[in-house]
Amino acid sequence: MSEKSKFDKVSDLAFRRGLYFPSAHIYSDSLAGFWDYGPLGVTLKRRIIDLWRKTIVKRDEMLEIDGSQILPESVFKASGHLQSFVDPLTECKDCRVTFRADRLIQRRLEKLIPEALPSKELDSLILKNGIVCSECGGELSKVFKFNMMFRFSAGPKLGNQVALRPETCQSIFLDFLRVYKTMRVKLPIGIAQVGKSFRNEISPRRNLIRLRELTQAEIEIFFNPKNIESFTKFDQIMDVTLRFLLVNDQELELTAEEAVKKKIVQNKLVVYYLVLLKQFYELVGINPQNIRYRELHDEERPFYAQSAWDLEIKTSLGWLEVVANHYRTDYDLKVHSKGSKTDLMILDNGEKIIPWVWEDSMGIDRTLFVALDAAYTEEKKRIFLKLPNYLAPIQVAVFPLVAKDGLTEKARTLYDMLKVEFDTFFDEKASIGRRYYRVDEIGVPYAVTIDYDTLKDETVTIRDRDNKEQIRIKVGGLKDWLKLRLNFIPPNQ
RNA sequence: GCGGUUGUCGUCUAGUUUGGUUAGGACGUCAGCCUGCCACGCUGGUGACCCGGGUUCAAAUCCCGGCAACCGCACCA
């Protein structure tokens with residue numbers, strides 16, 4: 001038996017079948033943290049996003065936008081990223097080990113050190129308290145700030161400083177007022193966006209897990225905090241159970257209703273969206289026992305969040321953060337209102353307010369990984385992806401039983417009939433068994449085989465990926481049979 | 001970003017210690033034969049020394065630099 005970890009096996013499968021692979025890899029100076037999706041990966045990613053649209057965005061009547069990836073620096077000055085999306089670092093002059101300066105001082109002095117403290121003050125704290133390298137006792141360098149945004153200039157003049165957005169949501173805040181005014185909506189309203197974000201990570205690792213260019217699907221819910229008790233959608237989900245890991249390390253499983261009553265979560269609105277996300281990941285194929293919400297400690301929380309929950313999924317790598325959820329209050333609209341000198345207040349039931357914001361920030365690349373990780377199945381020598389039908393990149397394979405006696409031609413005709421409506425794959429090469437195994441590995445749920453009976457009575461066999469069982473149906477009914485089983489249909493429809 | 005280890009066909013790998021090979025094999029893949037339902041078999045083909053520089057008559061092999069991967073540390077909105 002191979003000693004490979006499951007993560008390696010899943011990664012190997014993804015490379016071998018071209019789901020994703022390192023970007024610009026034919027060049028020897030290709031960069032870590034940038035990955036390309038191949039044909040199957042693109043389709044899988046698209047299906048994950050489509051599922052998100054159906055089960056969250058559309059279910060909740062959210063509005064979707066698509067904002068620029070490049071934004072002027074003033075946006076990030078106002079949002080706080082210019083100042084706070086940085087790590088204050090110091091390194092040992094002897095052994096070159098790097099430390100987070102604020103955390104190092106905090107640990108040594110056992111008192112809270114604000115992350116945003118100027119470098120000079122951190123320097124003097126290090127000096128005054130005689131703090132040295134915790135590894136070798138060497139002297140520490142001056143504190144320097146590392147900003148994780150990619151910054152450059154747009155246009156021919158150097159003056160127009162811009163940055164690649166480090167999170168997609170800033171566009172949602174910038175566009176909020178226009179969307180609100182043009183779409184005739186009222187609070188609470190969700191604005192959603194899926195797109196790329198960019199972070200200059202110090203050390204990207206483990207292929208899709210930590211990227212410098214990543215795809216996020218983000219939702220910002222704008223609401224009036226005064227009206228939170230009358231949030232009626234809560235009634236739809238109050239009995240759903242959620243697992244929590246609290247800052248005091250307590251683990252518990254509660255219904256949404258209990259979580260609100262016991263004040264584990266802020267309010268009904270927050271828990272409603274936590275439930276929607278949990279249900280989404282169950283549809284991605286994750287066992288509910290492997291989904292939990294972890295409460296973030298004060299020092300883990302981003303600067304804009306009053307409280308934060310990470311949706312974590314237990315994978316072959318251990319618990320992995322897949323969605324970051326933040327209670328952003330009125331922070332964002334306030335700072336952009338001030339930064340842009342634009343009044344972002346709106347009229348809600350006759351009252352002028354700045355809406356508050358609840359955010360769900362989903363990592364799509366990580367979601368794709370957890371989907372693969374959960375779907376990966378070994379059964380004797382057979383490897384197959386037990387993906388839900390509506391996520392499978394290739395939905396149906398068409399095979400002639402043998403490549404002779406007109407079976408290939410018949411199969412081709414059938415393939416042509418299906419290929420536009422479904423993601424279909426045709427293969428006549430090698431034995432039928434080998435062809436089944438090939439498509440198992442990429443999670444094709446159904447294989448349609450044309451045999452000698454097809455020529456006589458227009459029937460085909462459909463072979464099921466998971467149990468290898470076959471049924472025989474009329475060609476005429478094939479499309480409807482597939483349609484019924486391949487599309488995602490919400491439970492209440 | 002620091003330290004350690006490692007880079008050979010799509011994948012796994014032999015060869016590197018001790019410089020000289022048509023760089024070998026397996027799986028995959030392609031062509032053909034075979035094949036009446038779960039990785040059959042046979043024949044043939046395709047396909048690699050991470051990149052750059054140095055040493056040498058000669059470099060996959062030794063040296064230096066870069067890049068990447070893995071592990072540990074640090075970091076991680």
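The sequence lines fix the lettering, A, B, ..., with proteins before strands; numbering per chain opens at 1. Computed over heavy atoms, backbone and side chain alike; hydrogens, waters and symmetry mates excluded. Just so we're clear, the structure is a prediction, and the values are computed from it rather than from any experiment.
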Quiz item: What is the ring orientation for A/Y327 with A/W356, classed by angle as parallel under 30°, tilted 30 to 60°, or perpendicular over 60°?
Solution: perpendicular
Quiz item: For A/T461, which contact category applies under a 4.0 Å heavy-atom criterion: base, sugar-phosphate, or nothing?
Solution: base
Quiz item: Taking the side chain of A/S28 as heavy atoms from C-beta outward, which of B/A68, B/U35, B/C50 is closest to it?
Solution: B/C50
Exercise. Could you please name the option among B/C38, B/G66, B/G1 that lies closest to any side-chain atom of A/S203?
Key: B/G1
Practice problem: Take atom C1' in B/C37 and the same atom in B/U13, then report the distance between them in whole Å. | Solution: 34 Å
Quiz item: With a 4.0 Å cut-off on heavy atoms, is A/S30 in touch with a base, just the backbone sugar-phosphate, or nothing at all?
Solution: sugar-phosphate
Practice problem: Could you work out the separation of B/C64 and B/U55 based on their C1' atoms and round it to a whole Å? | Solution: 11 Å
Practice problem: Could you work out which one of B/G36, B/G1, B/U29 sits closest to the side chain of A/R434? | Solution: B/U29
Quiz item: Is a donor-acceptor pair below 3.5 Å formed from side chain A/Y27 to base B/C51, judging by atom type as modelled?
Solution: no
Quiz prompt | Ionic contact status for A/E378 with A/K9, cut-off 4.0 Å | solution = yes
Quiz item: If you check the A/I202 side chain, which of B/C51, B/A39, B/C75 turns out closest?
Solution: B/C75
Quiz item: What integer number of Å spans the C1' atoms of B/C9 and B/G45?
Solution: 14 Å
Quiz item: Is any side-chain N or O of A/K381 closer than 4.0 Å to OP1 or OP2 of B/C38?
Solution: no
Quiz item: Which value, in whole Å, describes the distance between the P atoms of nucleotides B/G36 and B/U11?
Solution: 35 Å
Exercise. Please give the nucleotide sitting opposite B/G19 as a Watson-Crick or G-U wobble pair, both distances under 3.5 Å, or none.
Key: none
Self-check item: Base B/C37 to side chain A/D451, donor-acceptor N/O within 3.5 Å cut-off
Solution: yes
Quiz item: To the nearest angstrom, how far is A/L208 atom CG from B/A69 atom C1'?
Solution: 15 Å
Quiz item: How would you label the contact of A/R205 with the nucleic acid (heavy atoms, under 4.0 Å): base, sugar-phosphate, or nothing?
Solution: base
Quiz item: Does A/R382 get its side chain close enough to the base of B/C38, under 3.5 Å, for a donor-acceptor pair?
Solution: no
Quiz item: Between B/C40, B/A31, B/C37, which nucleotide gets closest to the side-chain atoms of A/S431?
Solution: B/C40
Quiz item: Ring-on-base stacking between A/Y452 and B/G36, under 5.5 Å between centres and under 30° between planes: is it there?
Solution: yes
Quiz item: Taking the inter-plane angle between the rings of A/F76 and A/H81 on a 0 to 90° scale, is it parallel (under 30°), tilted (30 to 60°) or perpendicular (over 60°)?
Solution: perpendicular
Quiz prompt | B/G3 and B/G66, which share atom name P, separated by this distance in whole Å | solution = 11 Å
Self-check item: Selection from B/C38, B/C70, B/A69 that lies nearest to any side-chain heavy atom of A/A32
Solution: B/A69
Self-check item: Stepwise salt bridge (Lys or Arg N to Asp or Glu O under 4.0 Å) check, A/E458 with A/K410
Solution: CA-CA 10 Å; A/E458 287 289 312; A/K410 184 75 187 167; 2.6 Å; yes
Quiz item: Do A/R382 and A/F384 meet the cation-pi criteria used here (NZ or CZ under 6.0 Å from the six-membered ring centre, within 45° of the axis)?
Solution: yes
Quiz item: C1' atom, B/G25 versus B/A68: distance in rounded Å?
Solution: 27 Å
Quiz prompt | Note: A/E201-A/R212 ion pair, threshold 4.0 Å (strictly below) | solution = no
Quiz item: Looking across every strand, which nucleic acid part, if any, lies under 4.0 Å from A/L31 by heavy atom: base, sugar-phosphate, or nothing?
Solution: sugar-phosphate
Practice problem: Tell me which nucleotide among B/A31, B/G36, B/C75 gets nearest to the side chain of A/K404. | Solution: B/G36
Quiz item: Does B/G32 have a Watson-Crick or wobble partner in any strand here, with both distances under 3.5 angstrom, and which is it?
Solution: B/C42
Practice problem: Look at all strands and tell whether A/R438 reaches a base, only sugar-phosphate, or nothing, counting heavy atoms closer than 4.0 Å. | Solution: sugar-phosphate
Exercise. Classify the nucleic acid contact of A/A308 as base, sugar-phosphate or nothing, counting any heavy atom under 4.0 Å across all strands shown.
Key: nothing
Quiz item: Quantified in whole Å, what is the C1' atom distance between nucleotide B/G20 and nucleotide B/G15?
Solution: 14 Å
Quiz item: Of A/R16 and A/R472, whose closest RNA chain B nucleotide lies nearer the 5' terminus?
Solution: A/R16
Quiz prompt | Among B/G1, B/G36, B/C50, the nucleotide that comes nearest once only the side chain of A/L401 is considered | solution = B/G36
Quiz item: Relative to each other, are the rings of A/F15 and A/W35 parallel, tilted or perpendicular (30° and 60° limits)?
Solution: parallel
Practice problem: In whole angstrom, give me the gap between the P atoms of B/A48 and B/U8. | Solution: 14 Å
Quiz item: Which of the following nucleotides, B/C37, B/C50, B/C38, is nearest to the side chain of A/T449?
Solution: B/C37
Practice problem: Could you state the atom-to-atom distance from CZ of A/R210 to P of B/G1 in whole Å? | Solution: 14 Å
